[in-house]
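The structure appears right after this line, and notes come after that.
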Amino acid sequence: NKWKRSARIVDMTRRLIQHPHRLIPLSTFAERYDTAKSSISEDLTIIHEVLSTTGQGGLETLAGAAGGVRYIPGMDMETAEEVMRSLCRELSNPDRILPGGFLYMSDLLGQPALLRDIGQIWASVFAKEQVNAVVTVETKGIPLALAAATHLGVPVAIVRQGNRVTEGSVVTVNTVSGSSRRIRTLSLSRRSLKEGSRVLIIDDFMKAGGTIRGMIDLLSEFQADVIGAGVLVESAAQERLVENVVSLAKIKSIDEKQRTVDVQLGNLFEKGWGIE
Ligand SMILES: O=P(O)(O)OC[C@H]1C[C@H](OP(=O)(O)OP(=O)(O)O)[C@H](O)[C@@H]1O
């Protein structure tokens with residue numbers, strides 16, 4: 001039975017948004033709806049128009065035999081700022097202060113809707129970097145890495161602290177997590193990442209940057225190309241073991257004795273937004 005344009009557009013939009021960055025041949029749609037490719041192209045133009053003019057990313061069409069159309073997630077600057085301003089307000093709650101200048105965030109890292117928005121922000125910033133994999137370190141980085149990877153349409157590789165028999169043969173490096181001056185061994189299973197992958201590092205929190213530094217050193221053993229690193233929150237300014245980490249929020253000031261903490265927008269909002 002023939003699909004009406006309005007029904008085709010609803011069905012196509014869902015399929016495209018459900019598989020970010022995945023190329024879908026126009027013939028797939030032409031066959032599914034028993035419609036000419038020229039009509040499908042017109043449908044896609046309408047979908048692209050609505051998404052791109054409402055700050056929700058857009059469609060990218062590649063011509064040729066291996067061509068097709070794919071959804072590129074994106075969030076516009078003001079929406080991203082709205083999301084992060086409300087998160088900063090939530091994080092500026094003295095009850096969240098933990099010893100060592102950390103903030104309690106595990107409740108937030110368990111909220112799917114918030115994680116979806118944060119993942120979309122990362123996917124907007126790194127949309128054009130041809131990321132092949134997102135890498136994080138257990139444990140609190142995992143939900144954030146998964147959210148970013150979902151919107152980038154790529155897998156996640158999880159770095160383990162210490163050795164686990166379930167990881168098979170691993171590459172291991174030692175690192176000093178500056179926050180607590182403790183030596184940590186970071187290991188990654190050899191099977192979890194193809195050599196030469198373009199990798200985005202994501203973690204929940206950065207203090208001295210020792211953990212991210214350790215992941216960069218570990219990834220060089222895989223000949224990986226670390227195209228960027230992002231953290232949800234970076235601690236108050238201090239000596240760092242790593243440069244150019246993009247933060248969504250930043251602890252401006254924190255005083256454990258006075259029980260005060262002030263969390264502001266991170267350096268992503270100071271620099272130029274990653275997408276035009
Ligand atoms: O910048 P650094 O000084 O290296 O500190 C940031 C580390 C420390 C903390 O991890 P932990 O709380 O130690 O581990 P987990 O994520 O498992 O809670 C955080 O999640 C980052 O990974």
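In listed order, ligands and their atoms are each counted from 1. We count residues from 1, following the sequence as given.
If you look at Asp204 next to ligand 1, the close heavy atoms, those under 4.0 Å, all belong to the side chain. Only the side chain of Arg184 comes within 4.0 Å of ligand 1, judged by heavy-atom distances. Contacts of Gln161 with ligand 1, taken as heavy-atom pairs under 4.0 Å, involve the side chain alone. Within the 4.0 Å heavy-atom criterion, both parts of Thr211, backbone and side chain, lie near ligand 1.
In this structure a side-chain-to-backbone donor-acceptor pair under 3.5 Å is missing from Arg96 to Leu103. The backbone N or O of Val199 sits nowhere less than 3.5 Å from a side-chain atom of Ser197 that would complete a donor-acceptor pair. Using a distance-only test at 3.5 Å, with no hydrogens or angles considered, no donor-acceptor pair links the side chain of Ser192 to the main chain of Ala157. With hydrogens and angles ignored, the 3.5 Å screen pairs a side-chain donor or acceptor of Arg259 with a backbone N or O of Pro94.
Between the side chains of Thr54 and Gln56, at least one donor N or O sits under 3.5 Å from an acceptor N or O.
Using a 4.0 Å cut-off to heavy atoms of Thr139, the atoms of ligand 1 that qualify are 15 (P), 16 (O), 17 (O). For ligand 1 and Asp203, the ligand atoms under 4.0 Å from any heavy atom of the residue are 21 (C), 22 (O). Residue Met206 approaches ligand 1 through these ligand atoms, each under 4.0 Å from one of its heavy atoms: 1 (O). Atoms of ligand 1 found under 4.0 Å from any heavy atom of Ala208, numbered from 1 in the order shown, are 1 (O), 2 (P), 3 (O).
With sequence neighbours left out, Ala229 forms a side-chain contact (heavy atoms from CB on, under 4.5 Å) with Ile201, Ile212, Val245.
Listed by first and then second residue, the ring-ring contact (aromatic ring centres under 6.0 Å, His included) pairs that reach into residues 202-226 are Phe102-Phe205, sequence neighbours excluded.
Look at Gly209 and you'll find a heavy atom under 4.0 Å from some atom of ligand 1.
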